[in-house]
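This report concerns only the one structure given below.
We're numbering straight along the sequence, starting at 1. Whatever order the structure lists them in is the order used to number ligands and atoms, beginning at 1.
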Amino acid sequence: MHINNIAVPPDHPRAKSLYVRELLVSGFRRGLAAPEGLIAHGRGEAYDYLLGERTTENAQLAINTAAALLLLSTRPVISVNGNTAALCPGAVVELAKVTGADIEVNIFYRTEEREEAIKAELELHGAKRVLGVGPKASARIPELHSERRRVDPDGIYTADTVLVPLEDGDRTEALVKMNKTVIAIDLNPLSRTSKAANITVVDNIVRAIPSLIEATRKLKDSTSLKKIADNFDNRKNLEDAIKIMKGEIK
Ligand code: PTJ
C-alpha cells in the first residue's frame, strides 16, 4: 500500500487507519474536504479507537434498521459533505442506487468551488444527478442559521428520510422538527446529532456505508421492514455504544 509515495507495509498495525487518513488528506488537497474536516476526522478516529475500529453488533443493528427505513421511504436523500466525498464517494453512489435515494451536496463551510468539486467527484463515481449545488439550493430549513440551511427543493427540503453522515446537531434537530426521519452516521455517541437523530449508526463511515449497502440488498424483498424499524430504540442503542467504548459490554 502506498501513501504519499511512501510504502506502508500491509501488516503495519495502523495501516488501515493511515490509509483512511490519507484519503481525507488527498480529499482536502483536491478541494473536497474543508481544513476543519481534518480536525473532525481526528475526533472520529479517537472514538473509532475506543470502538476497536470495527462494526459492532450494536452498529449493525442500527445499520439494518437504517436499511429498512431507507427501503420504506418514498423520497430518501443522502446528504454529502466534504469528508464523505473524500472518504467514500463510490459507496455513496452505490447506496443511492440500491435504495433509490437522491444525492444532495450540503456543506457547513460552503463555497461554490467546494460544492462543484464534490459534485464532480460524485459524478466521477457514477452519480447521474447531484442536487443542492449553486442556485439549486434555493429552499431554506427554518430556524437554522448556518450555511447548512440552504437545501434543494427537489431534495432534502421535500425528502421524507435524510441520511446525514458527519453532521452537526443544529441541522439534525431542524430536520427532525420538519418531521423528517433522520439517519445519522457519527462515531461520537454523545454528540447532539447522535441524540437528535431517529437512528444513529455509531460507526466509521468507511465501514458503515458499505455495510448499509449490503443490508439494503439483503432486506430488499423483506416483508418485515416496518417491524424492524419499529423495534429500534435509538436511546438504548447509544447507551450501549457508550458501554462498548467503556469496555463494559462487547
Ligand atoms: O464539508 P463540510 O463543510 O460540511 O464540513 C464537514 C465537517 C465534518 C467539518 C463539519 O460537519 C463539522 O465540523 O463536523 P463536526 O461538528 O466536527 O462533527 C463531525 C462528527 O463526525 C464528530 O462527532 C466526529 O466524531 C464524527 N466523525 C468524524 N469522522 C468520522 C465521524 N463519524 C463517522 N465516520 C468518520 N470517519
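- Taking a 4.0 Å cut-off on heavy atoms, Asp203 registers as neighbouring ligand 1.
- At least one N or O atom of Tyr109, backbone or side chain, sits closer than 3.5 Å to an N or O atom of ligand 1.
- Between Leu87 atom CG and Asn204 atom CG the span is 7.0 Å, to the nearest 0.5 Å.
- Applying the 6.0 Å contact sphere to OH of Tyr47 captures more than 12 heavy atoms from other residues, nucleotides or ligands.
- Neither the backbone nor the side chain of Arg110 has a heavy atom within less than 4.0 Å of ligand 1.
- With a 4.0 Å cut-off on non-hydrogen atoms, Glu45 does not touch ligand 1 at all.
- To the nearest 0.5 Å, atom CD1 of residue Ile63 and atom CD of residue Glu214 are 9.5 Å apart.
- Counting only heavy atoms, the protein never gets under 4.0 Å from atom 12 (C) of ligand 1.
- Atoms of ligand 1 found under 4.0 Å from any heavy atom of Gly82, numbered from 1 in the order shown, are 1 (O).
- Taken from NZ in Lys119 to CD1 in Ile103, the straight-line distance is 11.5 Å, to the nearest 0.5 Å.
- Separating the CD1 atom in Ile107 from the CD1 atom in Ile118 is a distance of 4.5 Å, to the nearest 0.5 Å.
- Contact check on Arg75 versus Asp102 returns no salt bridge, with no Lys/Arg side-chain nitrogen under 4.0 Å from an Asp/Glu carboxylate oxygen.
- For ligand 1, the polar-atom distance check against Tyr47 finds no nitrogen or oxygen pair separated by under 3.5 Å.
- The distance from ligand 1 to the heavy atoms of Gly44 drops below 4.0 Å at these ligand atoms: 25 (O), 27 (N), 28 (C), 29 (N).
- Residue-ligand proximity, Ile107 to ligand 1, at heavy-atom distances under 4.0 Å covers atoms 1 (O), 2 (P), 3 (O), 4 (O).
- Here's the thing with Asp168: none of its N/O atoms is less than 3.5 angstrom from an N/O atom of ligand 1.
- Counted within 6.0 Å of CD on Glu143, heavy atoms from surrounding residues, nucleotides or ligands total 12 or fewer; the atom is thus considered open.
- The single protein non-hydrogen atom nearest to atom 19 (C) of ligand 1 is Ala40 CB, 4.2 Å, given as residue, atom name and distance.
- Of the inter-residue distances, the one linking Glu113 atom CD with Glu116 atom CD reads 9.0 Å to the nearest 0.5 angstrom.
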